[in-house]
Amino acid sequence: GMVNLSPAWFQQGHNVASVLFRPRRNNEEARQWLATIFQAQCHLSAAMGIMHLQMYAIGWAALIKIWKDASEEIREVLWVWPSIYSSLSLMVNQCSPFHLDKMGKPQWFDQLLTIGHYNGLDLVLPTLQLRLDCPPGTVVAFSGELLIHGARETDGDRACIAWYMQDKVHQ
């Protein structure tokens, strides 16, 4: 399955809160999961500060603006969201057909983190004629808007967390 999380749901043009963070819904599991990956988000944001300082600054500026305008509910989420990215997707035991991402900007990097117990997972970037072996714990950063990318099915239990920025949040 797949779950999308974002503290910037309204800024992306949605007129209702993210399903996982709606009032009257048991959202404690989503918040606990975000707290569990807190350290990974910190490290990946710090890495982006080295790889792409301008994107890092843009991401933090957007999150500060969101904080200033946020409801108490969204501020609670931001306490466990130390990432410069405005969104993340958790994909579990899924293949990803070849595609281009359309919500960001070509100069922005997405970051993918693979986790689980599996063998033989490849991230394929056909534009560059690359097939990257992605054992558990692999982190890859690239422009998902410029490079066609995808991953085929593999045996075992696996997940990919994809962090990305959406342009609507920065307008």
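Values reported hereafter were calculated over all heavy atoms of this structure, with side chains retained and with hydrogens, waters and symmetry mates removed.
The shortest side-chain heavy-atom distance between Leu112 and Leu123 falls under the 4.5 Å cut-off. In this structure, the side chains of Val139 and Leu44 come closer than 4.5 Å at one or more pairs of heavy atoms. For the pair Leu130 and Val124, the minimum side-chain heavy-atom distance is 4.5 Å or more. With contacts defined as side-chain heavy-atom distances shorter than 4.5 Å, the pair Trp108/Gln54 does not qualify.
Following chains of ILVMFWY side-chain contacts shorter than 4.5 Å, one can reach Val3 starting from Leu34, so the two form part of one hydrophobic cluster. Taking hydrophobic clusters as Ile, Leu, Val, Met, Phe, Trp and Tyr residues chained together by side-chain heavy-atom distances below 4.5 Å, Val92 does not share a cluster with Met2. Hydrophobic clustering (ILVMFWY, side-chain heavy atoms < 4.5 Å, transitive): Trp81 and Ile66 are in one cluster. Following chains of ILVMFWY side-chain contacts shorter than 4.5 Å, one cannot reach Val140 starting from Leu100, and the two form parts of different hydrophobic clusters. Trp79 and Trp163 fall within a single hydrophobic cluster, where Ile, Leu, Val, Met, Phe, Trp and Tyr are joined by side-chain heavy atoms under 4.5 Å apart, directly or via other members.
Considering CG of Leu146 and CG of Leu128, their distance stands at 10.0 Å, rounded to 0.5 Å. Annotation: the span from Asp122 atom CG to Thr154 atom OG1 amounts to 8.0 Å, rounded to 0.5 Å. One finds the CE atom of Met55 at 4.5 Å from the CD1 atom of Ile84 (value rounded to the nearest 0.5 Å). Expressed to the nearest 0.5 Å, how far CG of Asp133 lies from OG1 of Thr138 amounts to 7.0 Å. From Phe38, atom CZ reaches atom OG of Ser83 across 10.5 Å, with rounding to the nearest 0.5 Å. In this structure, the separation between NE2 on His52 and CD on Gln111 is 11.0 Å, given to the nearest 0.5 Å.
In this structure, Met91 places its CE atom where more than 12 heavy-atom neighbours from other residues, nucleotides or ligands lie under 6.0 Å away. Other residues, nucleotides and ligands contribute at most 12 non-hydrogen atoms within 6.0 Å of the NE2 atom of His117.
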(request) Could you check His43 against Met48 for side-chain contact (heavy atoms from CB on, under 4.5 Å), going step by step and ending with a plain yes or no? (result) CA-CA 9 Å; His43 290 305; Met48 192 52 62; over 6 Å; no

(request) Take Ile161 and Ile115, measure what side-chain contact (heavy atoms from CB on, under 4.5 Å) needs, and give me the verdict at the end. (result) CA-CA 8 Å; Ile161 305 172; Ile115 54 178; 4.3 Å; yes

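The aromatic ring centroids of His149 and Phe142 lie less than 6.0 Å from each other. The aromatic ring centroids of Trp60 and Trp67 lie 6.0 Å or more from each other.
Side-chain contact, Ser89 with Tyr164: a donor N or O sits under 3.5 Å from an acceptor N or O.
Side-chain atoms of Ser143 come within 3.5 Å of backbone atoms of Pro106 as a donor-acceptor pair (strictly under, hydrogens ignored). The backbone N or O of Arg158 sits less than 3.5 Å from a side-chain atom of Asn93, completing a donor-acceptor pair.
Pairing each heavy atom of Leu78 with each of Leu63, the nearest pair is CD2-CD2, 4.2 Å. What you find for Asp167 and Gly104 is that their closest heavy atoms are CB-O, 3.9 Å. Taking both residues in full, the closest heavy atoms of Ser86 and Met165 are given as OG-CA, 3.4 Å, listed atom of the first, atom of the second, then distance. In terms of heavy atoms, Ile37 sits closest to Leu88 at CD1-CD2, 4.1 Å. Nearest approach of Tyr118 to Asp157, heavy atoms of both residues: CD2-O, 3.7 Å. Closest approach of Ile148 and Pro126 over heavy atoms only: O-CD, 3.2 Å.
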